[in-house]
Novice: 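Here it is, the structure in full.
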Amino acid sequence: DVVTESLASGDDAAAKSAVEMTRSMDQMERDIENRCLRLLLQQQPVARDLRFISAALKMITDMERIGDQAADIAEVVTMLEAESAIEPPEHISAMAEEARRMVHRAIDAYVQRDVKLAEKVIAQDDVVDDLFLDVKRELVEQIRKKPDCGMAALDMLMIAKYFERIGDHATNIAEWVCYSLTGQHVYRIIQRRIAGMIYSVEDDAAIRELILYALRQAGFEAEGFEEGTAFRQAVAKAKPELVLLDLMLPGEDGMSLLRF
């Protein structure tokens with residue numbers, strides 16, 4: 001919260017405060033790790049309790065890295081204060097807010113043991129990724145108009161990348177929450193949503209077989225097709241839940257199949 005505040009206001013004091021706060025996180029990580037190990041040794045938990053403690057051990061690594069990246073953002077903000085050659089990208093505040101919300105929700109999901117909230121965090125990662133692309137486009141446009149603002153734009157891009165990585169770590173935490181509560185990794189949760197058949201249309205036999213092997217190993221039903229005619233015939237009999245389509249097919253290309 002302090003980091004996003006310092007970015008929005010350009011407050012040097014808030015940025016320095018954020019750096020100081022993150023320095024205490026290393027000790028917190030060690031304290032939580034020691035407590036988890038003590039519980040494992042003394043209580044010898046099983047099943048869900050074991051997963052819950054094991055997930056905590058995994059999550060604290062992501063939390064510590066989130067702290068490091070927050071400190072990095074704060075340090076860059078202190079350097080940006082004197083920069084006047086560049087305007088903050090329009091979408092970077094929204095990106096900071098989304099990343100902050102992801103971290104809060106991921107922790108809440110663990111504390112409240114809420115799988116649905118954890119799944120929302122995982123889905124929210126796409127929002128942060130899209131905002132990162134928006135920020136990059138805005139910065140490229142600013143550099144095009146003002147070539148002398150390149151260094152300041154690079155600093156701003158670094159901030160955006162740190163927020164994108166914070167979103168990734170929040171997603172990792174949410175995935176461990178799902179595992180601790182369900183005993184299933186995220187792809188198993190996705191599998192329940194994709195209950196039907198997955199079709200792969202790919203003319204390269206080696207690639208097609210590799211895709212089918214990976215899908216089947218993950219527990220999905222999958223069928224492959226070399227070209228569009230056989231795919232059309234299969235779809236006429238039963239519509240798939242998902243199609244993985246090669247656009248560069250021989251004969252009828254993938255674009256025409258998209259319109260099918």
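Residue numbers start at 1 and run along the sequence shown. The figures that follow rest on heavy atoms only: side chains count, while hydrogens, waters and symmetry mates do not.
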Novice: Do Met158 and Val135 sit in the same hydrophobic cluster, where Ile, Leu, Val, Met, Phe, Trp and Tyr count as joined when their side-chain heavy atoms come under 4.5 Å apart?
Specialist: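 Yes; tracing contacts between hydrophobic side chains, which count when under 4.5 Å, links both residues.
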Novice: Hey, are the side chains of Ile122 and Cys178 touching, using non-hydrogen atoms and a 4.5 Å cut-off?
Specialist: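 In short, these two side chains touch, coming nearer than 4.5 Å.
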Novice: Using the test side-chain contact (heavy atoms from CB on, under 4.5 Å), find all partners of Arg113 that sit at least two apart in sequence or belong to another chain.
Specialist: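 Listed in chain order: Arg48, Phe52, Leu181.
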Novice: Rounded to the nearest 0.5 Å, how far apart are CG of Asp49 and CG of Leu40?
Specialist: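 Taking CG in Asp49 and CG in Leu40, the distance rounds to 10.5 Å.
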Novice: So which of Thr61, Asn172, Ile166 actually passes side-chain contact (heavy atoms from CB on, under 4.5 Å) with Ile66?
Specialist: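 In the set Thr61, Asn172, Ile166, the residue that makes a side-chain contact (heavy atoms from CB on, under 4.5 Å) with Ile66 is Ile166.
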Novice: Rounded to the nearest 0.5 Å, what separates atom CD in Glu64 from atom CD in Gln69?
Specialist: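 Reported value, rounded in 0.5 Å steps: 9.5 Å.
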Novice: Using modelled atom types only, decide if a donor and an acceptor are shared between the side chain of Glu138 and the backbone of Glu90 within a distance under 3.5 Å.
Specialist: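 Indeed, once roles are kept as given, a pair shorter than 3.5 Å links the two residues.
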Novice: How many angstroms lie between CG in Asp62 and CD in Glu29, if you round to the nearest 0.5 Å?
Specialist: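 Rounded to the nearest 0.5 Å, the CG-CD separation comes out at 10.0 Å.
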Novice: Taking Lys116 first and then Glu119, would you say they form a salt bridge - that is, a charged N and a carboxylate O separated by under 4.0 Å?
Specialist: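 No, Lys116 and Glu119 are not salt-bridged.
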Novice: Are Leu39 and Pro45 close enough that some pair of their side-chain heavy atoms sits under 4.5 Å apart?
Specialist: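 They are not in contact (no side-chain heavy atoms under 4.5 Å apart), so the answer is no.
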Novice: Stepwise, does the ring pair (Phe, Tyr, Trp, His ring centres under 6.0 Å) test hold for Tyr199 with Phe225?
Specialist: CA-CA 8 Å; Tyr199 286 169; Phe225 304 92; 4.9 Å; yes
Novice: Hey, could you give me each pair passing side-chain hydrogen bond (donor to acceptor under 3.5 Å, both in side chains) that has a residue in residues 31-46? Not counting sequence neighbours.
Specialist: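 Matches after skipping sequence neighbours: Gln27-Asp31.
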Novice: Report yes or no: does Glu227 contribute a side-chain atom to a donor-acceptor pair with the main-chain N or O of Thr229 at less than 3.5 Å?
Specialist: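 Judged by distance alone, yes, a pair lies under 3.5 Å.
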Novice: Is the shortest distance from a Lys or Arg side-chain nitrogen in Arg165 or Asp168 to a carboxylate oxygen in the other one below 4.0 Å?
Specialist: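 Yes, charged N to carboxylate O under 4.0 Å.
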Novice: Do Met59 and Ile107 belong together in a cluster built from hydrophobic side chains that touch within less than 4.5 Å?
Specialist: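 Same cluster: Met59 reaches Ile107 through Ile, Leu, Val, Met, Phe, Trp or Tyr contacts under 4.5 Å.
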Novice: If the threshold is 4.0 Å, N to carboxylate O, is there a salt bridge linking Arg137 and Glu141?
Specialist: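 Here Arg137 does not pair with Glu141 in a salt bridge, since their nearest N and O are not under 4.0 Å apart.
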Novice: Between atom CG of Asp72 and atom NZ of Lys161, what is the distance when rounded to the nearest 0.5 Å?
Specialist: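 Asp72 CG to Lys161 NZ: 13.5 Å, rounded to 0.5 Å.
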Novice: Does Arg208 reach the main-chain N or O of Ser200 with its side chain, forming a donor-acceptor pair under 3.5 Å?
Specialist: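 Flag not set: sc Arg208 to bb Ser200 has no pair under 3.5 Å.
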Novice: With the 4.5 Å side-chain cut-off for hydrophobic clustering, are Val115 and Leu50 part of the same group?
Specialist: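 They do not share one cluster, since no chain of ILVMFWY contacts under 4.5 Å joins Val115 to Leu50.
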Novice: Atom CZ in Arg100, atom CZ in Phe163: separation rounded to 0.5 Å?
Specialist: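 Between Arg100 CZ and Phe163 CZ, I get 10.5 Å after rounding to 0.5 Å.
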